[in-house]
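Numbering starts at 1 and runs along the sequence shown.
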Amino acid sequence: EARIAGGDDKDYLFKREYLDGSSSPGTTCNDGTYSSFENVQNTDACAIKCVYKGDMSSSLLLQGFDYKCDTQECDCIYETKWEDINTKVKPSKENMACYGLAKVSPSNSGEKKYLRVN
């Protein structure tokens, strides 16, 4: 789980997506529109990059991200508001993980901005 306070006065909660019964080492949710970043140190930094990049357009909204641990690549994933990232989880032979955007809520004004990963 990763929480980040965005620059838009909203808090973002990302949860790792799992695929029950899969023997693959990783998961991916990327099956369409995305933005890639290279040399991203960890999932914390990936979440920050995606939140601060924001939505791609008024119809393509940030839904989560894939993080490739071995190559330190971050793919911010965009879908329409009618699509559910939970239905996009697929096995991956790469050492990677999908994190879906679980919740966006107004930030608690006056509190420090933070990022926490469990």
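Heavy-atom minimum distance, Ile77 versus Tyr34: CA-CB, 4.4 Å. The shortest heavy-atom contact between Gly64 and Phe14 is CA-CE2, 4.0 Å. Closest non-hydrogen pair, Asn95 versus Asp70, comes out as ND2-OD1, 3.1 Å. Pairing each heavy atom of Val40 with each of Cys46, the nearest pair is CG1-N, 3.5 Å.
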- Task: Evaluate the side-chain contact (heavy atoms from CB on, under 4.5 Å) criterion for residues Thr33 and Met56: first the C-alpha distance (whole Å), next the side-chain angles of each, then the deciding distance (0.1 Å), finally the verdict.
- Result: CA-CA 9 Å; Thr33 307; Met56 188 167 273; 3.3 Å; yes
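Neither side chain, Asp66 nor Asn30, offers a donor N or O lying under 3.5 Å from an acceptor on the other.
Placement of Leu60 and Phe37 within a single hydrophobic cluster is found when ILVMFWY residues are connected by side-chain heavy-atom separations under 4.5 Å, directly or transitively. Following chains of ILVMFWY side-chain contacts shorter than 4.5 Å, one cannot reach Tyr18 starting from Tyr99, and the two form parts of different hydrophobic clusters. Hydrophobic cluster membership differs between Val89 and Leu61, with clusters built from Ile, Leu, Val, Met, Phe, Trp and Tyr side chains linked at under 4.5 angstrom.
Here the side chains of Tyr78 and Leu62 are in contact, with some heavy-atom distance below 4.5 Å. Between Asp84 and Glu79 the shortest side-chain heavy-atom distance does not fall below 4.5 Å. Thr28 is not listed as a side-chain neighbour of Glu17, based on a closest heavy-atom distance of 4.5 Å or more. Residues Thr27 and Met96 fail the side-chain proximity criterion, which asks for heavy atoms closer than 4.5 Å.
Distance check, rounded to the nearest 0.5 Å: CG of Asn86 to CD of Gln63 gives 9.5 Å. The CD atom of Glu38 sits 10.0 Å away from the CG atom of Asp75 when rounded to the nearest 0.5 Å.
A distance-only check finds a donor-acceptor pair linking the side chain of Asn42 to the backbone of Ala45 [under 3.5 Å].
Only one option out of Arg16, Gln72, Glu73 pairs with Tyr67 in a side-chain contact (heavy atoms from CB on, under 4.5 Å); it is Gln72. With Phe65 as the partner, the side-chain contact (heavy atoms from CB on, under 4.5 Å) test is satisfied by one option alone out of Cys98, Cys29, Cys50: Cys50.
A salt bridge is defined here as a Lys NZ or Arg NE, NH1 or NH2 lying under 4.0 Å from an Asp or Glu carboxylate O, and Lys88 with Glu83 meets this definition.
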